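Just so it is clear, the values below take in all heavy atoms, side chains as well, and ignore hydrogens, waters and symmetry mates. Everything quoted here is computed from the prediction, not taken from an experiment.
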Amino acid sequence: MALSSFDIDAPRWDQTTFMGRLKHFFNITDCRTVLLSDSRLDEAKALVESCRAGSAPPGTSVEQLYYAKKLYDSAFHPDTGDRMNLIGRMSFQVPGGMAITGFMLQFYRTVPAVVFWQWVNQSFNALVNYTNRNAASPISPK
């Protein structure tokens, strides 16, 4: 595929099929993206933005663009373009949720422990929901 006709914002997989949506879901929730440095994520953002502007660096392959888009989608908010809180990213949902669930299963013998881990779980879920909110629409104070 020629880079001149490459649309970085078009879905990589057919979203009208279950398998296409499943591949997309696994791609954006890949927990390995949590381990990358901020500088690597910023490089990916710069590559995505240059591709959107129609000026991908010479020698850039389509696979490099897809990987940069994967990193961009995993770490930057789609509405604001800001880097999302690491703990609130969808790519951290599985490892974070698994750790909290493990603690909830381990520390269930006392009421204070149950209350504490339920609070941690709800706080984690609230952070994930806030981080992935629709930031294009203003939040009403009501």
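The distance from atom OG of Ser50 to atom CD1 of Ile8, rounded to the nearest 0.5 Å, is 7.5 Å. Taking NE2 from His77 and CG from Asp82, the interatomic distance works out to 8.5 Å, rounded to the nearest 0.5 Å. Taken from OG in Ser37 to CD in Glu43, the straight-line distance is 7.0 Å, to the nearest 0.5 Å. Residue Tyr108 holds its OH atom at 16.0 Å from CZ of Phe103, rounded to the nearest 0.5 Å. We find the CG-CG distance between Asp30 and Asp73 to be 12.5 Å, quoted to the nearest 0.5 Å. In this structure, the separation between NZ on Lys70 and CG on Leu65 is 15.0 Å, given to the nearest 0.5 Å.
Take Phe92 and apply the ring pair (Phe, Tyr, Trp, His ring centres under 6.0 Å) test, not counting sequence neighbours, and it matches no residue. Under the side chain to side chain donor-acceptor pair (under 3.5 Å) criterion, Asn129 pairs with no residue, sequence neighbours left out. For Arg109, the side-chain contact (heavy atoms from CB on, under 4.5 Å) partners two or more places apart in sequence, or in a different chain, are Gln106.
The shortest heavy-atom contact between Ala68 and Ala44 is O-CB, 3.6 Å.
Note on residues 120-136: no pairs pass salt bridge (charged side-chain N to carboxylate O under 4.0 Å, His left out), not counting sequence neighbours. For residues 112-126, the set of pairs meeting the salt bridge (charged side-chain N to carboxylate O under 4.0 Å, His left out) definition, not counting sequence neighbours, is empty.
Tested against Val34, the residues Leu86, Ile87, Val94 include a single side chain to side chain contact (heavy atoms under 4.5 Å, CB included) partner, Leu86.
Residues Met90 and Asn132 form a side-chain contact, since some pair of their non-hydrogen atoms from C-beta on lies under 4.5 Å apart. At a threshold of 4.5 Å between non-hydrogen side-chain atoms, the residues Leu41 and Phe76 count as touching.
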Given Thr29 and Ser91, is the side chain to side chain contact (heavy atoms under 4.5 Å, CB included) satisfied, shown in steps?
CA-CA 4 Å; Thr29 60; Ser91 53; 5.6 Å; no
Worked verdict on Phe6 versus Tyr66 for ring-ring contact (aromatic ring centres under 6.0 Å, His included):
CA-CA 10 Å; Phe6 182 75; Tyr66 276 133; 5.2 Å; yes
Applying side chain to side chain contact (heavy atoms under 4.5 Å, CB included), run through His24 and Gln15 and close with a yes or a no.
CA-CA 8 Å; His24 174 73; Gln15 296 298 290; 3.6 Å; yes
If you apply the rule side chain to side chain contact (heavy atoms under 4.5 Å, CB included), what do you find for Tyr72 with Leu47, and how did you get there?
CA-CA 9 Å; Tyr72 178 82; Leu47 183 56; over 6 Å; no
Run Ser74 and Ile28 through side chain to side chain contact (heavy atoms under 4.5 Å, CB included) and show every step you take.
CA-CA 6 Å; Ser74 76; Ile28 63 170; 5.9 Å; no
Taking distance alone, no hydrogens or angles, what donor-acceptor pairs closer than 3.5 Å link side-chain atoms of residues 110-127 to residues at least two apart or in another chain?
unit_1 : atom_1 : unit_2 : atom_2 : d
Thr110 : OG1    : Ala113 : N      : 3.3
Ser123 : OG     : Trp119 : O      : 2.8
Asn125 : ND2    : Asn121 : O      : 3.3

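The residues Arg83 and Asp42 are annotated as salt-bridged, a charged nitrogen and a carboxylate oxygen being separated by less than 4.0 angstrom. One finds no salt bridge joining Lys69 and Glu49 here, because no Lys/Arg side-chain nitrogen approaches an Asp/Glu carboxylate oxygen to under 4.0 Å.
Both Phe26 and Phe18 are assigned to one and the same hydrophobic cluster, defined by single-linkage of ILVMFWY side chains at heavy-atom distances under 4.5 Å. Hydrophobic clustering of Ile, Leu, Val, Met, Phe, Trp and Tyr side chains at less than 4.5 Å, counting indirect connections, unites Phe107 with Ile100.
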